[in-house]
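Written out below as structure tokens is the structure these notes cover.
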Amino acid sequence: MSTTASPPAPGETQATAADALTLSGVDISYRVRRADQRIVRDVSFRVARGESFGLVGESGCGKSTIALAVVRYLARNGRVSAGRIEIDGRDVLSLDRADLRRLRARTVSMVYQEPGRALNPSILVGRQVAEVYEIAGAPRSEALDRAREILARVRISDPDGVMRRYPHQLSGGMLQRVVIAMALAAEPSLLILDEPTTALDATVEADVLDLILGLRAEFGTSLLFISHNLAVIAKMCDRVGVLYAGELVEEGPASAVFGDPRHPYTVGLLRSIPRRDGGARAPLQTIPGSLPTPGSVAAGCVFAARCGLAQERCRAETPAVHRIEDGCGERGSRCHFSEQAQSLPIHSIVAPDSARIADRAEPLIRARSVSKTFQASGQRVRGLHQVDLEIAAGETVGLVGESGSGKTTLARVLMGLTAPDPGAEVTLDGRPLAPLAGARTAADQKALQIVFQNPDSALNRRHSVRRLISRSLAKLGGYRGEALQARLQALAESVRLPERYLPMRPSQLSGGLKQRVAIARAFAGDPQIVVCDEPTSALDVSVQAAILNLLTDLQHRERVAYLFISHDLGVVRYLADRIVVLYLGRVMEIGPAQSVLDGPHHPYTEALLSAVPTLDDSDRERIRLEGEIPSAADPPAGCPFHTRCPRRIGEICDTTEPEMRVQAPGHEIRCHIPVDDLRRLQSAGGGAPSASAGR
């Protein structure tokens with residue numbers, strides 16, 4: 001926590017010599033069709049030296065726009081139309097080109113959401129990192145040595161090997177560490193992180209967050225941290241600002257804002273977080289409506305149209321910043337009724353019956369002995385190994401594991417996008433499915449649909465949103481004329497896609513909006529099974545809640561089954577009936593969601609769960625996994641997890657692969673440690689048992 005004086009409330013920021021970053025009354029406008037559209041309005045906050053400040057809010061609220069304005073990377077039609085931005089006391093907006101380049105090279109660095117786009121695919125990683133030092137004046141040999149050192153400092157175990165690779169040869173977590181290393185190479189006083197962990201699995205995300213915290217302490221770097229994950233912000237930030245429709249509506253210490261929110265929008269965001277108590281799955285609370293279009297709110301509170309507490313005063317009178325004196329440090333809320341914020345009426349789009357509808361007697365889809373071997377650089381890479389899976393009508397099976405564990409490969413095999421090795425069997429309603437989709441019947445193709453993790457790769461950028469969804473409605477659903485238009489409207493509303501976006505192309509949409517289009521298209525043909533491959537990873541919590549409610553509602557109405565792949569175990573805990581845990585292409589644990597998550601569970605599952613950030617991490621101890629997931633081209637002998645397992649019990653783990661053991665009906669664990677020992681260790685948080693325990 002910063003030792004400087006507490007910051008003033010929103011709208012009252014005044015720069016001090018200790019500030020790493022100060023925004024004072026900032027407006028940001030874009031020139032669109034010969035008219036200025038104000039995207040950000042009167043935003044003021046400051047980040048003291050050594051402090052971490054978080055920005056949260058829905059997609060499109062202006063978080064990334066503010067970050068880009070700080071380093072003057074706005075698009076050509078964007079400009080800061082009012083206010084002042086200072087870094088280390090220097091007015092950023094008045095700098096000439098040479099001074100601005102020096103500021104970017106030495107004072108402020110930025111880590112983007114997609115690290116692959118920040119690296120040149122045709123240049124070796126080592127050269128790209130070394131270039132940062134060369135720009136600062138270091139000779140090439142020294143720059144390479146320093147690049148090796150900084151890669152080691154971001155916990156890359158083989159910096160020499162990484163330096164000799166191209167970006168496409170690295171995992172997502174490794175790429176993010178490389179980008180962070182490049183950002184820290186200049187030892188900036190301010191580091192801006194724009195959704196740096198969105199696409200990372202739980203263990204890699206935890207490693208990256210711990211890395212950032214450690215480097216922040218080591219370098220004394222100030223952080224501006226942007227994320228839609230409120231638990232990540234709670235872990236990483238001293239203070240937080242809540243942004244809505246370009247306005248800072250609440251600001252204060254993170255613990256106070258999340259523990260005692262004083263703006264209805266903040267209350268709505270917190271209520272949208274998936275929670276599941278016991279076996280019940282209550283519908284998620286959501287925020288009704290959608291963000292207003294830029295410039296559409298001329299007077300009054302920007303949140304009034306979606307606020308359950310709004311009165312006539314809210315629509316006519318712009319609220320001033322209300323100071324909150326509660327002993328938690330200075331806080332501010334831009335709301336006429338901040339004291340009543342937590343009485344915001346509960347809103348939910350759907351209210352499905354919590355009774356489970358899955359029929360486990362007869363699986364809808366069944367996979368038996370599924371293996372998949374790839375050929376890469378003359379090596380045999382085992383992507384899947386003897387995987388068995390069943391999904392019943394109306395059931396949700398969660399598929400979890402680190403990147404490279406085989407989740408997407410299994411999904412592609414079920415969809416017929418990748419042919420399994422000979423000997424595998426995949427059936428639908430008891431009928432064998434052809435290995436590849438091209439050989440399957442039209443009915444089988446319609447029955448299985450998929451929502452990909454990256455909508456950019458799945459949406460034709462030349463087509464409008466209306467055409468993308470309409471083509472699927474016509475091809476898969478057989479809709480025509482007025483029926484097609486009515487179904488299109490209903491689908492768009494169900495995924496929170498306002499009608500104004502239908503004429504747009506994917507390139508004009510935010511990441512969250514693109515994913516909504518992809519989800520709508522997947523449901524166009526009334527499928528029996530939908531494979532969801534990280535469908536909510538790019539969505540903020542309020543839109544995610546609406547999507548999860550949609551999935552639940554469709555499941556109860558249509559008995560749709562889901563294979564839900566996600567690294568967000570909070571979402572999996574909420575949505576899944578059963579969970580399958582994959583590691584290095586093998587099933588390590590399978591069982592009812594509550595049993596798998598409550599334990600006893602496999603040590604790998606235990607480590608995954610411990611890595612998930614929550615709004616209150618005070619009593620949780622993380623189990624660290626050392627090293628990277630082994631190469632599928634050269635998997636370890638014995639238990640595939642033994643090289644990283646914190647509960648390894650001895651030679652048996654190194655030499656003998658364990659069989660699946662039944663822990664309870666329907667719950668199986670692949671581990672040498674007896675279930676009773678796992679239960680005792682995990683309930684006590686103890687270390688590994690004796691070497692004889694598994695014999």
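Since the model is a prediction, treat every value here as computed from it, not as a measurement. In what follows, every heavy atom counts, from backbone to side chain, and hydrogens, waters and symmetry copies are set aside. FYI, the numbering just counts along the sequence from 1.
Nearest heavy atoms, Ile150 versus Ala147: CG2-O, 3.1 Å. Closest heavy-atom contact between Val111 and Gln176: CG1-OE1, 3.3 Å. The two atoms that bring Pro646 and Leu625 nearest to each other are CD-CD2, 4.0 Å, heavy atoms only. Closest of all the heavy-atom pairs between Glu58 and Lys63 is O-NZ, 3.3 Å. When all heavy atoms of Val26 and Ile28 are compared, the closest pair comes out as CG1-CG1, 3.8 Å.
Rounding to the nearest 0.5 angstrom, the gap separating the CZ atom in Arg46 from the CD atom in Glu51 is 7.5 Å. Note that CD1 of Ile287 and CD of Gln285 are 10.5 Å apart. Values are rounded to the nearest 0.5 Å. Note that the CG atom of Leu223 and the CG atom of Leu191 stand 5.5 Å from one another [nearest 0.5 Å].
One finds a salt bridge joining Glu339 and Arg262 here, because a Lys/Arg side-chain nitrogen approaches an Asp/Glu carboxylate oxygen to under 4.0 Å. Salt bridge status for Arg49 with Asp19: absent, with no side-chain N to carboxylate O gap under 4.0 Å. Arg323 has a carboxylate O that lies under 4.0 Å from a charged side-chain N of Glu330, or vice versa, which qualifies the two as a salt bridge. A salt bridge does not link Arg334 to Glu250: none of the charged nitrogens lies less than 4.0 Å from a carboxylate oxygen. Salt-bridge check for Arg127 with Glu131: failed, with every basic side-chain N at 4.0 Å or more from each acidic carboxylate O. Electrostatic pairing of Lys407 and Glu402 does not count as a salt bridge here, judged by no charged N lying under 4.0 Å from a carboxylate O. Between Arg622 and Asp207, at least one side-chain nitrogen of the basic residue sits less than 4.0 Å from a carboxylate oxygen of the acidic one, meeting the salt-bridge criterion. For the pair Arg79 and Asp36, the salt-bridge criterion is met [side-chain N within less than 4.0 Å of a carboxylate O].
In this structure, Phe225 has no ring-ring contact (aromatic ring centres under 6.0 Å, His included) partners at least two apart in sequence or on a different chain. Partners of Thr107 under the side chain to side chain contact (heavy atoms under 4.5 Å, CB included) rule, at least two apart in sequence or in another chain, are Ile87, Asp88, Leu103, Ser189.
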Exercise for the section: For the pair Glu205 and Thr197, evaluate side-chain hydrogen bond (donor to acceptor under 3.5 Å, both in side chains) and give the outcome as yes or no after the intermediate values. Expected result: CA-CA 6 Å; Glu205 176 185 67; Thr197 61; 3.2 Å; yes

Practice task
Take Ser227 and Asn229 through the test side-chain hydrogen bond (donor to acceptor under 3.5 Å, both in side chains) and record every step on the way to the result.
Solution key: CA-CA 5 Å; Ser227 180; Asn229 189 322; 5.5 Å; no

Practice task
Would you sort out whether Asp260 and Gln342 count as a side-chain hydrogen bond (donor to acceptor under 3.5 Å, both in side chains), showing the intermediate values?
Solution key: CA-CA 8 Å; Asp260 183 23; Gln342 295 185 46; 2.5 Å; yes

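Atom CZ of Arg101 has 12 or fewer heavy atoms from other residues, nucleotides or ligands within 6.0 Å.
For Arg72 (side chain) and Val92 (main-chain N/O), a donor-acceptor pair under 3.5 Å exists by modelled atom type.
For the residue pair Ser333 and His322, no side-chain donor N or O sits within less than 3.5 Å of a side-chain acceptor on the partner. Using modelled atom types, one finds a donor on one side chain and an acceptor on the other under 3.5 Å when comparing Ser81 with Ser29.
Looking only at side-chain heavy atoms (C-beta outward), Leu681 and Arg647 come within less than 4.5 Å of each other. Put simply, the side chain of Arg84 reaches to within 4.5 Å of the side chain of Asp91, judged on heavy atoms.
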